[in-house]
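All remarks here apply to the structure that follows.
Keep in mind the model is a prediction, meaning the values are calculated, not measured.
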Amino acid sequence: MLLAEIADVGTDRFRGGYARHGFDRADLQLRAWFTEQAERRGLAVYTDRNGNLWAWWGEPGPGAVATGSHLDSVPGGGAFDGPLGVVSALAAVDVLRARDFVPARPIAVVVFAEEEGGRFGVPCLGSRLATGAIGPDTARGLRDPDGVSLAEAARAAGLNPAHLGRDDAALSGLRCFVELHVEQGRQLDLLPERTPVAVATSILAHGRWRLTFRGQGNHAGTTAVADRRDPMIPASSTVLAARRALAGTDARATVGRLVPTPGGTNVIPSSVDVWLDARAPSTPDTRKLVDEIVAAAREASAAEGCAVEVREESYGDAVTFDAALRDELAGLLGGVPALPTGAGHDAGILAARVPTAMLFVRNPTGVSHAPEEHAEPDDCAAGVAALASVLEHLAS
Ligand SMILES: [Zn+2]
């Protein structure tokens, strides 16, 4: 399978799994690999103004059917999240070619840039830029942990940062977009039907917030407790408040990243940045959840004599995928189940502009965003077969 060809690209020596982030060395290597694979299949590859790659089978034009996913990963991510959708799309083209299928509509295999937001903090950056969900000025100013801006990284990757932004030319010709993705939970595996593939119904509303707690940096040995203004205290209270706020809800709230400054063992930090990922079935539910956690953060901050600043780094409303397309594909695939997900996807961003569907491939443990993420080869093959049927149907 094609995934094996990129198994050594961007391996994460420290965390295990992969570190492949928008326009970094590993990502550029994967993009070059994709371009070569697509061209080897006779597909014409071009890079759009936002750094998304489009590989065309047939002349680009109205009524096109697009499929694809992303090649970047979270820090220490698994092998399947993203790349499975890309390699399955290429493999589906091979299946259709072997059947002598000639598409009546053009087919595009798309690789969206920086889907995980692992480098610049905003997930689905390439698709958000294309749809206008994020403005170009905001995007150009995003910085990675080393202080490199998206504008600088884009320029280094051969893009013109002045051209970043809404791309109606790329999206207006699309009849639909179908993203195949490894399931990032165990719903499919737990169903009695034992089917390897499902279609998606919806995505939770979700966003990212950065809470910066500021206190007084000081000596760990000489500063009496009464004299401390330690921002780690309200930061850690906020982590616990996020868990408490979930009681009795369908929501999710996670702190997966917390950075103390300056970050010394014998130093009371002067500030602590906490990134909160919060998700719930609707925007009001999500706002309520975040308001509750932020209120707890402010209270804990005041009690320690610290200040806290809250910034929303990204937000996306709940997504319901196109019901007609979803039912059409589920029927075409023999009545496969339809499942919701708590994970964000480029398909969720595109759904605002284009009829969009997703195919999920069974994940036997449900683990994702971790090196242990897995899908069985037979299930991946079933995913390719399903995607080939879908493309054949939609592009006929
Ligand atoms: Zn993904």
Side-chain angles (χ1 to χ4, degrees), residues 6 9-10 18-39 43-56 60 64 66-75 77 82-83 85-86 89-90 106 108-174 177 179 313-314 316 344-347 349-350 352-354:
I6 54 172
V9 181
Y18 294 97
R20 301 161 167 171
H21 307 310
F23 307 119
D24 72 1
R25 185 202 296 249
D27 188 47
L28 294 178
Q29 200 177 328
L30 291 174
R31 292 162 65 87
W33 173 83
F34 171 79
T35 301
E36 195 218 305
Q37 286 292 327
E39 286 175 347
L43 311 183
V45 182
Y46 93 98
T47 307
D48 71 19
R49 57 196 300 167
N50 297 305
N52 306 308
L53 300 173
W54 297 75
W56 286 96
T67 183
S69 192
H70 60 96
L71 290 170
D72 66 310
S73 75
V74 297
V86 175
L90 293 173
V109 178
V110 195
V111 175
F112 285 105
E114 177 78 342
E115 192 272 345
E116 301 287 5
R119 181 169 180 192
F120 293 102
V122 174
C124 301
L125 190 53
S127 54
R128 275 183 211 264
L129 275 163
T131 57
I134 185 170
D137 288 337
T138 307
R140 277 188 285 264
L142 295 171
R143 289 189 183 272
D144 73 5
D146 295 327
V148 177
S149 71
L150 176 65
E152 290 160 349
R155 191 179 293 113
L159 298 170
N160 183 341
H163 292 170
L164 294 176
R166 187 170 161 139
D167 193 350
D168 290 334
L171 300 184
S172 62
L174 299 185
F177 175 67
E179 179 170 1
E313 291 199 333
S314 69
H345 297 287
D346 293 307
I349 303 296
L350 256 64
R353 295 285 302 280
V354 177

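- For the residue pair L150 and F23, the shortest heavy atom distance occurs at CD1-CE1, 4.1 Å.
- Side-chain contact between P123 and S314: present, with at least one pair of heavy atoms (C-beta onward) separated by less than 4.5 Å.
- Residue pairs meeting the salt bridge (Lys or Arg N to Asp or Glu O under 4.0 Å) criterion with at least one partner in residues 111-123, sequence neighbours excluded, are R119-D144.
- For A89, the side-chain contact (heavy atoms from CB on, under 4.5 Å) partners at least two apart in sequence or on another chain are T67, V109, L387.
- Between R128 atom CZ and L125 atom CG the span is 8.5 Å, to the nearest 0.5 Å.
- Minimum heavy-atom separation, L129 to A139: CD2-CB, 3.6 Å.
- The two atoms that bring G51 and A113 nearest to each other are O-CB, 3.8 Å, heavy atoms only.
- How far CD1 of I6 is from OH of Y18: 7.5 Å, rounded to the nearest 0.5 Å.
- What you find for L90 and Q37 is that their closest heavy atoms are CD1-CB, 3.9 Å.
- A donor-acceptor pair under 3.5 Å links the side-chain atoms of D24 to the main chain of A26, judged by distance alone.
- Qualifying side-chain contact (heavy atoms from CB on, under 4.5 Å) partners for A154, counting only residues two or more places apart in sequence or in other chains: L159.
- Rounding to the nearest 0.5 Å places OG of S149 at 9.0 Å from CG of L142.
- Classification of the Y46-W54 ring pair by plane angle, with boundaries at 30° and 60°, yields parallel.
- Among residue pairs with one or both ends in residues 154-173, those qualifying as salt bridge (Lys or Arg N to Asp or Glu O under 4.0 Å) are R166-D168, D168-R353; sequence neighbours excluded.
- For the pair C124 and H70, the minimum side-chain heavy-atom distance is 4.5 Å or more.
- D72 approaches G22 most closely through the heavy-atom pair CB-N, 4.4 Å.
- A side-chain contact (heavy atoms from CB on, under 4.5 Å) with T131 holds for exactly one of V354, L350, D346; it is L350.
- In this structure, the side-chain contact (heavy atoms from CB on, under 4.5 Å) partners of T35, at least two apart in sequence or on a different chain, are E39, V45, L53.
- Checked against side-chain contact (heavy atoms from CB on, under 4.5 Å), D137 has the following partners two or more places apart in sequence or in another chain: R140.
- Side chain of N50 to main chain of N52: no donor-acceptor pair is present (N/O by atom type, distance under 3.5 Å, no hydrogens or angles).
- The distance from the CH2 atom of W56 to the CG atom of L43 is 11.0 Å, given to the nearest 0.5 Å.
- Put simply, OG on S69 and CZ on F177 are 6.5 Å apart, with the number rounded to the nearest 0.5 Å.
- Annotation for A66 and L174: closest pair CB-CD2, 4.0 Å, computed over non-hydrogen atoms.
- The line from CZ of R20 to CG of L30 is 5.0 Å long, rounded to the nearest 0.5 Å.
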